[in-house]
Amino acid sequence: MARATLISDPTGAAASALTLEALRDVPPRSHRELTRIALIGNPNSGKSSLFNQLTGLNQKVGNFPGVTVDRKTGISQLTAQHRAEIIDLPGTYSLYPKSLDEKVITDLLYDQASDQYPDFVVVTVDASNIRRNLLLFTQLADLGLPAVLALNMMDVAAQHGVQIDIMALQQELGVPIIPMNARNGVGIAALKIVMSRQLGPPTRSFYEPGDDLLPMIRQIRYYFNLHNDYLALHYAHQFRQISFLTPDDKAYIGELVEKYGFQATPRQAQETIDRYARINDILLNTVTVTRTEKNEPYSNKIDKVLTHKVWGYLIFFGVLFMMFQAVFAWASYPMELIDQGVTWINQLVQTNFDGPLVNLLTEGVLAGLGGVLIFIPQIALLFAFIAVLEETGYMARVTFMMDRIMRKFGLNGKSVVPLISGVACAVPAIMSARTIENWKDRIITIFVTPLMSCSARIPVYTVLIALVVPDEPVLGIFNLQGVALMGLYLLGFFAAIFSALALKLLLRTENKSYFIMEFPVYRWPRWKNVGITIVEKVKAFVFQAGKVIVAISVILWVLASYGPGNALEQAEARVRATAAEQRYTPEYTDIRIASEKLESSYAGLFGRTLEPAIRPLGFDWKIGIALITSFAAREVFVGTISTIYSVGQDADMRTVQQKLAAEKDDNGQPFFTPARAFSLLVFYVFAMQCMSTLAVVYRETKGWKWPLLQLLYMTGLAYVSSLIVYQLFK
Amino acid sequence: MSSRSAQVKTNAPRSVKDLRLGESGTICCLEDPEMALKLLEMGCIPGTQVRLNSRAPLGCPITLVVGDEDYTLSLRVSEAATILLKD
Ligand SMILES: Nc1nc2c(ncn2[C@@H]2O[C@H](COP(=O)(O)OP(=O)(O)OP(=O)(O)O)[C@@H](O)[C@H]2O)c(=O)[nH]1
Ligand SMILES: [Mg+2]
């Protein structure tokens with residue numbers, strides 16, 4: 001058969017050159033320059049786990065295809081003398097990308113002239129699913145890239161009764177193979193040794209494009225000065241999508257394709273079929289599968305329950321509900337402790353020191369920082385829940401159960417991943433929409449994801465709910481405040497899907513959407529990963545949000561403590577005059593003075609300017625200031641409120657909640673009525689108040705159109721909804 | 001009249017969509033050329049055996065076990081309808 005000619009005669013010599021012992025004789029790579037090594041493999045085959053093992057970094061790992069959607073580099077110390085740059089990449093099933101995350105790989109591999117081009121690739125292969133994983137390997141080998149095969153998940157393969165004759169497979173594939181377990185680090189040492197050697201290109205080829213294509217392939221190859229035929233064939237297939245080709249280059253290939261009547265789709269299909277035939281031949285002699293009762297996949301059994309007609313949705317709803325209960329009820333104990341700690345420090349500073357700097361420290365910095373630190377337990381719990389959903393493989397089941405429903409709203413089952421991780425933070429969530437192949441589904445997903453309530457809204461929700469919703473049990477087990485919190489999340493969710501529906505009707509373009517997805521097996525979460533995720537996210541929240549919050553708190557404190565000209569002195573004099581007339585008590589005089597001063601300060605001026613626009617929503621100029629500062633990032637709200645309401649108030653007025661509860665309106669009644677609080681809550685559910693989100697939408701959609709539309713739409717929605725809420729309930 | 005339409009039905013090629021839960025079939029060909037590219041990559045090669053493993057609560061999507069390995073693929077019913085089976 002024709003195929004036989006493709007198999008170059010495996011000689012004993014070539015094969016023995018691949019054993020670890022023999023590799024010691026292969027010269028090590030030069031020490032001077034940093035070797036660039038790319039990790040390429042199928043989605044969910046363990047590339048990021050391997051990357052973390054090699055570099056000591058904490059790249060996100062999760063048990064569903066499409067966790068990594070962009071490249072990330074790190075440095076690995078391979079041997080005592082040798083360091084290499086490692087590139088973690090999104091997963092792909094083949095070198096013919098079907099979605100944007102997959103395209104990251106071909107962008108890297110097509111441009112040999114690029115200074116990013118890898119010297120070497122580590123192909124990760126899931127040993128429990130070796131047939132499908134080898135497809136990509138054979139394509140990479142045919143590109144002529146020096147490669148080592150990391151045969152990962154050997155533990156899973158053993159469990160499923162898959163036995164692999166490594167030596168025989170190594171001979172067949174012509175590259176070194178290292179069996180390993182990237183989860184616990186087995187095989188990393190051996191892999192590092194191989195990676196530190198100077199290996200040549202693979203010695204086998206697995207596919208020959210038909211002879212009839214050779215004239216076209218050769219012309220492309222020589223025109224672009226490519227090192228191999230297979231790469232030239234890929235240019236013919238994908239020239240329209242290759243970003244670094246000039247229009248002239250594309251026109252040139254376009255003409256050739258026309259001239260030779262090259263039909264990309266059937267050729268690509270035939271190539272895949274031929275490759276699988278070749279892989280089947282190879283596996284026949286190297287892999288045996290023994291199925292026994294014992295290794296009947298337990299995942300199927302779990303799925304019988306978790307994706308059951310009735311239980312499936314009930315369990316999913318239960319999981320979500322538990323998440324909100326946790327964030328509200330369980331987190332309150334550690335929050336109380338943190339709160340007391342901050343107050344204690346604050347009082348310590350105030351009783352022991354004196355002067356304007358101390359005021360800046362206590363009223364500005366500590367008040368703002370306290371507003372951040374107290375939310376650590378909630379953020380930690382939220383991220384822990386999401387990490388467990390992702391690590392066990394349950395997330396993939398949720399996309400499966402939701403696809404039918406999501407499709408009705410112009411979304412896709414895969415939109416569930418961005419929507420759920422949007423509950424943590426919209427920025428990575430929007431990037432994860434790259435795995436959605438269909439343009440329209442993807443744009444809609446990106447557009448509505450920021451409506452999901454992210455962790456930065458938790459502080460606002462917590463403070464305001466605690467202010468107006470009583471802390472009572474409902475139905476015995478749930479807590480009314482937890483239920484209110486879930487209500488806000490649901491409000492965001494429904495806003496997201498109904499906005500999606502509206503967009504679906506508005507965007508007229510129809511292109512085919514599909515939902516062909518690998519279903520991962522269930523796995524125990526790796527608790528270390530969950531722990532790392534929590535620590536990383538909390539650190540990011542405290543330091544990044546903290547930096548902004550402290551900076552804004554300080555600026556705000558200055559703006560609230562000074563005013564144009566001698567406006568503050570005048571305000572004080574005014575109050576004293578009235579006080580003398582009306583016989584105010586000294587305490588009341590002080591409060592009036594503080595309040596009048598704040599109103600005449602720069603901050604007060606800004607708030608006053610905004611007030612007419614937000615008065616119909618029930619907000620005053622103080623909230624106006626908070627709205628201005630939280631335009632860049634909404635987590636600043638609580639810090640701002642806490643700073644504004646601290647200026648001139650008693651030092652022992654502890655929490656933000658107490659400060660808000662003590663706030664009086666003109667008639668001496670509590671200012672934060674339920675109508676006002678809910679109006680403000682609804683505003684924060686809908687409003688687009690996050691520069692980072694706008695920036696990432698700009699990057700992901702390559703233009704200002706979508707971020708600006710999003711800003712207008714969400715802010716408009718927030719304004720109108722708040723207006724309705726306040727006018728109805730006041 | 002009725003017997004004729006019944007005959008048409010039996011003559012129409014069966015697709016993966018028509019499998020019963022737990023039933024296996026062998027792929028004969030893929031109907032939609034664009035979708036075929038993705039399905040082939042995922043291992044749905046003509047001649048491969050597939051088993052209908054489960055249906056989502058609302059009947060769509062479904063999961064298939066592809067080949068004799070335990071690798072599970074989920075896809076929509078409309079996509080499954082393009083995978084035709086051998087008799
Ligand atoms: N049992 C076992 N699990 C593993 C092994 N390697 C990785 N995993 C798990 O497999 C899942 C996927 O790992 P990742 O490292 O995120 O895979 P990836 O290739 O980066 O995935 P994408 O970024 O989605 O392409 C995680 O749940 C890992 O904990 C292994 O050798 N054995
Ligand atoms: Mg990854």
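Each chain gets a letter, A, B and so on, in the order the sequences are listed, and its residues count up from 1.
- With a threshold of 4.5 angstrom between heavy atoms, B:Leu64 does not approach chain A through any atom at all.
- In the model, A:Thr124 has a side-chain atom that pairs as donor or acceptor with a side-chain atom of A:Ser45 under 3.5 Å.
- Of the two parts of B:Leu73, the backbone and the side chain both hold a non-hydrogen atom closer than 4.5 Å to a non-hydrogen atom of chain A.
- For the pair A:Glu518/A:Asn42, no side-chain contact is recorded, criterion being any heavy-atom separation below 4.5 Å from C-beta on.
- A side chain to side chain contact (heavy atoms under 4.5 Å, CB included) with A:Phe515 is found for exactly one of A:Lys414, A:Arg404, A:Glu437, namely A:Lys414.
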Under 3.5 Å, which donor-acceptor pairs do the side chains of residues 261-270 of chain A form with other protein atoms, sequence neighbours left out?
unit_1   : atom_1 : unit_2   : atom_2 : d
A:Arg267 : NH2    : A:Asp212 : OD2    : 2.6
A:Gln270 : NE2    : A:Asp274 : OD1    : 3.0

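- Looking at B:Glu41, the atoms closer than 4.5 Å to chain A (heavy atoms on both sides) sit in the backbone and in the side chain alike.
- A donor atom on one side chain and an acceptor atom on the other are found under 3.5 Å apart for B:Ser54 and B:Thr63.
- For the residue pair A:Tyr522 / A:Asn63, no side-chain donor-acceptor distance below 3.5 Å is found, with atom types taken as modelled.
- Both the backbone and the side chain of A:Ile273 come within contact range of chain B, with heavy atoms under 4.5 Å apart.
- By the 30° and 60° cut-offs, the orientation of the rings of A:Tyr230 relative to A:His234 is perpendicular.
- The closest side-chain heavy-atom distance from A:Lys98 to A:Tyr93 is not below 4.5 Å.
- For A:Tyr96, the parts lying under 4.5 angstrom from a heavy atom of chain B are both the backbone and the side chain.
- Among the residues in residues 394-403 of chain A, those with a non-hydrogen atom closer than 4.5 angstrom to a non-hydrogen atom of chain B are A:Phe400, A:Met401, A:Asp403.
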